[in-house]
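Each remark here refers to the structure printed beneath this line.
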Amino acid sequence: MDFSQMNAAEQAHMSKVIEKKQMQDFLRMYSNLVERCFNSCCNDFTSKALSSKEEQCVNNCTDKFLKHSERVGARFAEQNADAMNSAMNK
């Protein structure tokens, strides 16, 4: 996003809006991760602590989710770079 045409106040406002949106996206992703892994892995409520099986399941679930998110982010960055290069070459 090009903020060069905006004055300093507008740039600061846009930066705050973007930071807020990024925080909302992060919290949404975190919430989805917690809900997904909890629903998939935690099914014995007779104890306060996680069983070793549940703990391993949660670890695998979070690892898979984070690796997936990282891969999607990398592909998005590649697609964005390709789009930017295409736009500059026109």
Side-chain angles (χ1 to χ4, degrees):
M1 202 172 250
D2 183 18
F3 295 154
S4 62
Q5 302 299 322
M6 298 180 183
N7 65 38
E10 291 170 330
Q11 288 177 2
H13 174 72
M14 286 304 294
S15 291
K16 285 183 181 182
V17 168
I18 291 170
E19 286 175 21
K20 182 178 178 183
K21 177 68 174 146
Q22 288 174 334
M23 181 57 79
Q24 288 172 334
D25 290 344
F26 170 77
L27 292 173
R28 187 177 303 112
M29 182 182 82
Y30 180 77
S31 177
N32 289 338
L33 170 65
V34 169
E35 182 177 2
R36 178 181 300 199
C37 294
F38 179 84
N39 289 337
S40 296
C41 300
C42 300
N43 42 27
D44 179 13
F45 299 101
T46 59
S47 171
K48 290 181 185 179
L50 292 174
S51 69
S52 60
K53 182 179 176 184
E54 289 173 327
E55 189 170 349
Q56 185 62 43
C57 180
V58 168
N59 288 336
N60 291 339
C61 180
T62 55
D63 285 346
K64 183 182 267 189
F65 187 89
L66 293 173
K67 286 177 182 174
H68 173 264
S69 296
E70 190 176 303
R71 184 168 172 85
V72 168
R75 295 298 169 256
F76 178 76
E78 289 173 6
Q79 292 291 326
N80 192 34
D82 289 344
M84 294 295 282
N85 287 337
S86 295
M88 292 178 116
N89 292 333
K90 285 185 178 181

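These figures come from a predicted structure and were not determined experimentally.
Considering only residues two or more places apart in sequence or on other chains, Arg75 meets the salt bridge (charged side-chain N to carboxylate O under 4.0 Å, His left out) condition with Glu78.
Taking both residues in full, the closest heavy atoms of Arg28 and Asp25 are given as NH1-OD1, 3.0 Å, listed atom of the first, atom of the second, then distance. Here the closest heavy-atom approach between residue Gln11 and residue Met6 is recorded as NE2-O, 3.1 Å. The minimum heavy-atom distance linking Cys42 with Val58 is given by the pair SG-CG2, 4.3 Å.
Considering only heavy atoms from C-beta on, Phe38 stays 4.5 Å or farther from Glu35 through its side chain. Residues His13 and Val17 are in side-chain contact: their nearest non-hydrogen atoms beyond the backbone lie under 4.5 Å apart.
With 2.5 angstrom as the limit on SG-SG distance, Cys37 and Cys61 come in below it.
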_side-chain hydrogen bond (donor to acceptor under 3.5 Å, both in side chains), that's the test. Do Gln56 and Asn60 meet it? Break it down for me._
CA-CA 6 Å; Gln56 185 62 43; Asn60 291 339; 3.0 Å; yes
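Linking Ile, Leu, Val, Met, Phe, Trp and Tyr whenever their side-chain heavy atoms come within less than 4.5 Å puts Leu33 and Met29 in one cluster.
To the nearest 0.5 angstrom, Arg71 atom CZ is 15.0 Å from Leu66 atom CG. In this structure, Asn59 CG and Ser52 OG are separated by 11.0 Å, a value rounded to the nearest 0.5 Å.
Using a distance-only test at 3.5 Å, with no hydrogens or angles considered, a donor-acceptor pair links the side chain of Ser86 to the main chain of Asp82.
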